[in-house]
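For this chain, numbers begin at 1 and follow the sequence in order. First listed ligand is number 1; within each ligand, the first listed atom is number 1.
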Amino acid sequence: MRIEEKIKVLERVALQLEPDQIQRSELRDQVIDYTEEFLENINENKAFIQTDHKGKAIYDHPISEEPQPLNELINIFKENVEKTGLNPASGGHLAYIPGGGLYPSSLGDYIADITNRYAGVFYPSPGAVRMENMLINWMRDEIGYPDTAAGNLTSGGSIANLIGIVTARDAFNLQSKNFHKVVIYLTEQVHHSVMKSIRIAGLYNAQIRHVPMDDHFRMDVDHLEELIKTDEEHGLQPWLIIASAGTTDTGAVDPIDKIADIKDEHNLWLHVDGAYGGFFILCDEGKKIIKGLDRTDSIVMDPHKGLFLPYGTGIVLIKDRKLLFQSHYYKANYLQDAEKFDEELSPADLSPELTKHYRGLRMWLPLKLFGLKPFRAGLEEKIWLARYFYEEIQKIEGFEVGSYPDLSVVTYRFMPKDGKPNEFNQKLLDLILEDGRVFLSSTMIGDKFYLRLAVLCFRSHKEIVDLALEVLKEKSKILVERD
Ligand SMILES: *Cc1c(COP(=O)(O)O)cnc(C)c1O
């Protein structure tokens, strides 16, 4: 076969990758029919579905040479993905740190995927990069960082923490032979992704000081200062304080303003993990609780939590953009054309990623389409819903609460008249999950098993919190009567 004929044969098959207008419209209609049905039923459907199969039938449909119609594929998804486990799009998701899934974000992703703009480097896609930088600048202004700050839209809080810690490491010019003398200060409530980042950054030999906490699980600044002074006296190198703006476990906000005083005095780097709570600064109640973010060196926030976006978007902000650039820039010969333009910072020079999903659009579209007001209201509503739950759960016989919520996480447990409380509350949680109307989770505080309520999904309103209270009342009663 001549080359031309060969190419023609291949092209005929390869062209199947490009549906025509009519086919596109048919495909789109099926997807829209499915997603509309999903959204229309979201309040009636369970937040959590326990199944024995756990989506196993996915393996019964292996990737094969031949095509399969979309309606069959949607059914495979429905049965094996949608209808098993947690529905994180549900307002009844009141566990861990809930996610979001704003509708216009899906449309932003749709446009981003079809146009497939390359959002990593300014030269090929100046507009997409400017959009990302504009979003970063908006966050920078909200937290009160100077315009010498820069940041990156990451896949989530974990990578954002990693970028912050690596930048802090290089900012202090830490050398691996000295890592064992370097000291990091954090509390036991710090998110595990922070510990993971420290390890990935090569700092597993560093000294970790667990700063004691007050009875609200916030970092105790007096202890922090004592620890730093002792380490200095012993010839160690205090380097990094990692504070939380909303711990995952109890929602505690460390006293960032006071911690910043100490970091200034001792010349340390202050990194704040605000993956859960950072966006609460968009509302007045949140601003009263989270103070001093402008005095930190780096901050992590998760738009896929506090800005209600679908999973896959985090943010890191670094006050001194030179340092972020220095840690993540790399020159490649094949990209030499791209270096002629330095009007804007390129995301690829500010993170480990080169090519990445055009994340800006899924954030920009809902922010612009809705305006900021409903975001601020939604966040403040979540704080008040947690406070409401905190009051109401105490009115149900047998329940006691943990500390007053700083943000939107409440801890509580049932105290049975006889029997062990830990076992009782585990059984209570099992019954709630079996029921599935709301999805709650638990944690250990010391050796005590506590139930958690975390309100952050944009679909969680008072009706859902009332439902959670009703389910807790109903199930605890069943358990008391059964035992
Ligand atoms: C969720 C969370 C993280 C991790 O972020 P991912 O987006 O899940 O990678 C880090 N810190 C805190 C406080 C979190 O709540």
- Nearest to atom 7 (O) of ligand 1 by heavy atom, Thr154, Asp302, Ile97: which? Asp302
- Protein contact to atom 9 (O) of ligand 1 [nearest heavy atom, distance to 0.1 Å]: Ser158 OG, 2.6 Å
- Message: Less than 4.5 Å apart, side chain to side chain, heavy atoms only: is that true for Leu379 and Leu456?
- Response: yes
- Task: Could you check atom 2 (C) of ligand 1 against the protein and tell me its nearest heavy-atom contact, residue, atom and distance included?
- Result: Lys305 NZ, 2.3 Å
- Item | Per-atom contacts, ligand 1 versus Thr248 - under 4.0 Å to a heavy atom | 12 (C), 13 (C), 14 (C), 15 (O)
- Per-atom filter on ligand 1: closer than 4.0 angstrom to a heavy atom of Gly246 are 13 (C)
- Task: Report yes or no: does Gly274 have a heavy atom closer than 4.0 Å to ligand 1?
- Result: no
- Task: Could you tell me whether Arg437 and Glu463 make a salt bridge, using a distance below 4.0 angstrom between a side-chain N and a carboxylate O?
- Result: no
- Query: Is His304 in polar range of ligand 1, meaning some N or O pair under 3.5 Å apart?
  - Reply: yes
- Query: Are Asp435 and Lys46 ion-paired here, with the side-chain N under 4.0 Å from a carboxylate O?
  - Reply: no
- Note on the structure: the protein heavy atom lying closest to atom 11 (N) of ligand 1 turns out to be Asp273 OD2, 2.6 Å
- Would you call Glu225 and Lys258 a salt bridge, taking side-chain N to carboxylate O under 4.0 Å as the test? no
- Within a distance under 4.0 Å of any heavy atom of Ala275, pick out the atoms of ligand 1 and give their elements. 2 (C), 3 (C), 10 (C), 11 (N), 12 (C), 14 (C)
- Item | Interfacing atoms of ligand 1 (cut-off 4.0 Å, heavy-atom, Tyr276) | 15 (O)
- Task: Measure the distances from the heavy atoms of Gly314 to every atom of ligand 1 and state whether one is below 4.0 angstrom.
- Result: no
- Donor-acceptor pair, side chain of Ser105 and main chain of Arg362, under 3.5 angstrom: yes
- The protein heavy atom nearest to atom 6 (P) of ligand 1 is Gly157 N, 3.3 Å
- Side-chain contact test, heavy atoms from C-beta onward, threshold under 4.5 Å: evaluate it for Leu94 versus Phe439 and give yes or no. no
- Query: Side-chain contact, heavy-atom cut-off 4.5 Å: Met195 with Leu186?
  - Reply: yes
- Is it true that Arg295 and Asp261 make a salt bridge, defined as a side-chain N closer than 4.0 Å to a carboxylate O? yes
- Message: For atom 4 (C) of ligand 1, what's the nearest protein heavy-atom neighbour? Residue, atom name and distance, please.
- Response: His191 CE1, 3.5 Å
- Task: Tell me, please, whether Tyr204 has Arg199 positioned over its six-membered ring: NZ or CZ under 6.0 Å from the ring centre and within 45 degrees of its axis?
- Result: no
